[in-house]
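All heavy atoms count here, side chains included; hydrogens, waters and symmetry mates do not. For ligands, and for the atoms within them, numbers begin at 1 and follow the listed sequence.
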Amino acid sequence: MANDTQLTAEEVATFQARVLAWFDQHGRKDLPWQQDITPYRVWVSEIMLQQTQVATVIPYFERFMSTFPDVGTLAAAEEDQVLYLWTGLGYYARARNLHKTAKQVITEYNGEFPDELQALEALAGIGRSTAGAILSIAHGKRAAILDGNVKRVLARCFAIEGWPGTTATSKALWAVAEQLTPHERIGAYTQVMMDLGAALCVSREPSCSRCPLEDRCQAKREQRIAEFPGKKPKKEMPVRATCIVLVCNHDGEYLLTRRPTTGLWGGLWTFPEVEAAQLDEELIDRGWQPMPSSFAPFRNTFTHFHLDITPVQATSNEAVVNEPNRSQWVHPNQLPEIGLTTPTNHLLKLLAKCDDNAVIDDNMNNGNGNVQISMDLT
Ligand code: SF4
């Protein structure tokens with residue numbers, strides 16, 4: 001289609017009829033956020049589903065809802081509790097924005113989510129697509145969505161060229177999404193479009209033979225599926241390095257410190273971080289005795305850079321002094337309800353395992369006596 005965005009009325013009607021018929025027959029209707037639909041539940045699910053697969057989100061969503069059943073309980077929560085329930089999902093700015101927006105909905109909208117696109121888009125962390133999902137699913141209002149899954153379906157079906165991160169491609173995709181959005185059954189249409197992208201039109205090896213759009217899909221017809229959506233131009237990512245000190249006291253507790261509320265891993269708890277060049281000096285200053293590390297260095301990849309992390313182990317004779325909001329000693333087997341960075345969460349789980357078994361499982365060992373961790377999360 002070379003990014004020509006004009007569809008005929010017949011094309012639009014056929015597209016809508018096919019996907020809605022597929023929804024009636026095969027679409028998922030038992031997902032937790034499809035029950036007891038409210039703007040709050042749709043909003044939380046949409047934010048969790050950004051960058052994360054349905055199967056991963058389900059237990060997080062259920063835990064979140066049982067702790068914060070409505071926007072009021074979320075707004076009244078401590079940030080630590082919100083980050084704790086987000087631990088492991090990654091992209092923590094989503095959790096902080098969720099918390100911020102909940103407070104805004106309480107103070108500015110009397111606890112009711114706005115039902116206008118512009119007002120929703122003005123809330124922290126809510127973009128045009130999330131606003132469209134809330135309006136269509138929870139309020140039954142006609143509004144287009146274009147999340148990652150829908151972009152993939154539309155880019156392939158209409159062979160829309162280019163990386164969706166560019167203005168031109170994004171505009172072309174939104175134009176098609178707007179034209180295809182029906183006036184009737186808008187909630188079902190929104191859900192089926194997300195479902196098609198998540199269940200059939202997946203990035204690799206889509207299930208075209210089960211897809212209701214197979215015979216009108218241009219990428220399929222031209223055997224160019226892998227070309228859509230266009231890839232982000234590759235750029236060398238800078239590599240940064242840091243050491244984290246897993247310092248243990250006589251009670252088997254480890255020291256965690258809280259990061260500043262803004263910036264990388266804002267507000268999350270982590271092992272003390274030290275620059276490699278300052279490591280020896282820092283260990284002496286703090287009176288920590290280094291010991292052989294059981295953990296191999298690993299890489300954590302963020303959107304704009306790689307962070308190479310070297311875990312260093314040490315012991316401490318320091319008296320246990322917890323400074324609320326700044327530092328605390330925690331036992332890996334009795335973790336408090338706080339938000340942890342992904343590497344800290346993984347390492348604490350491994351330390352708990354070591355503590356339980358006294359020996360490190362073979363499949364975690366890289367053969368040099370070091371535990372290997374592989375992560376690619378923010
Ligand atoms: S036919 Fe295949 S590539 Fe085209 S929309 Fe359906 S699943 Fe995606």
Q.
Looking at every heavy atom in both Gln218 and Ala159, which two are closest together, and how far apart are they?
A.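 Scanning both residues, the minimum pair turns out to be CD-CB, 3.6 Å.
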Considering the heavy atoms of [X], write down every atom of ligand 1 situated less than 4.0 Å from one of them.
X: Cys211; result: 1 (S), 5 (S), 6 (Fe), 7 (S)
X: Glu214; result: 1 (S)
X: Cys201; result: 3 (S), 5 (S), 7 (S), 8 (Fe)
X: Arg156; result: 3 (S)

Q. Heavy atoms only: which of Cys217, Ala199, Ala219 is nearest to atom 4 (Fe) of ligand 1?
A.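 The option holding the nearest heavy atom is Cys217.
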Q.
If we count only N and O atoms by modelled type, under 3.5 Å, do the side chains of Gln34 and Gln191 hold a donor and an acceptor together?
A.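 Judged by distance alone, the side chains do pair up.
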Q) Is a side-chain donor-acceptor pair under 3.5 Å present for Trp269 with Asp80? A) yes
Q.
Check this for me: does any side-chain nitrogen of one of Glu178 and Arg128 sit under 4.0 Å from a carboxylate oxygen of the other?
A. yes
Q) Ion pair present between Glu108 and Lys103, side-chain N to carboxylate O less than 4.0 angstrom? A) no
Q. Among protein heavy atoms, which lies nearest atom 2 (Fe) of ligand 1, and at what distance?
A.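 It is Cys208 SG, 2.3 Å.
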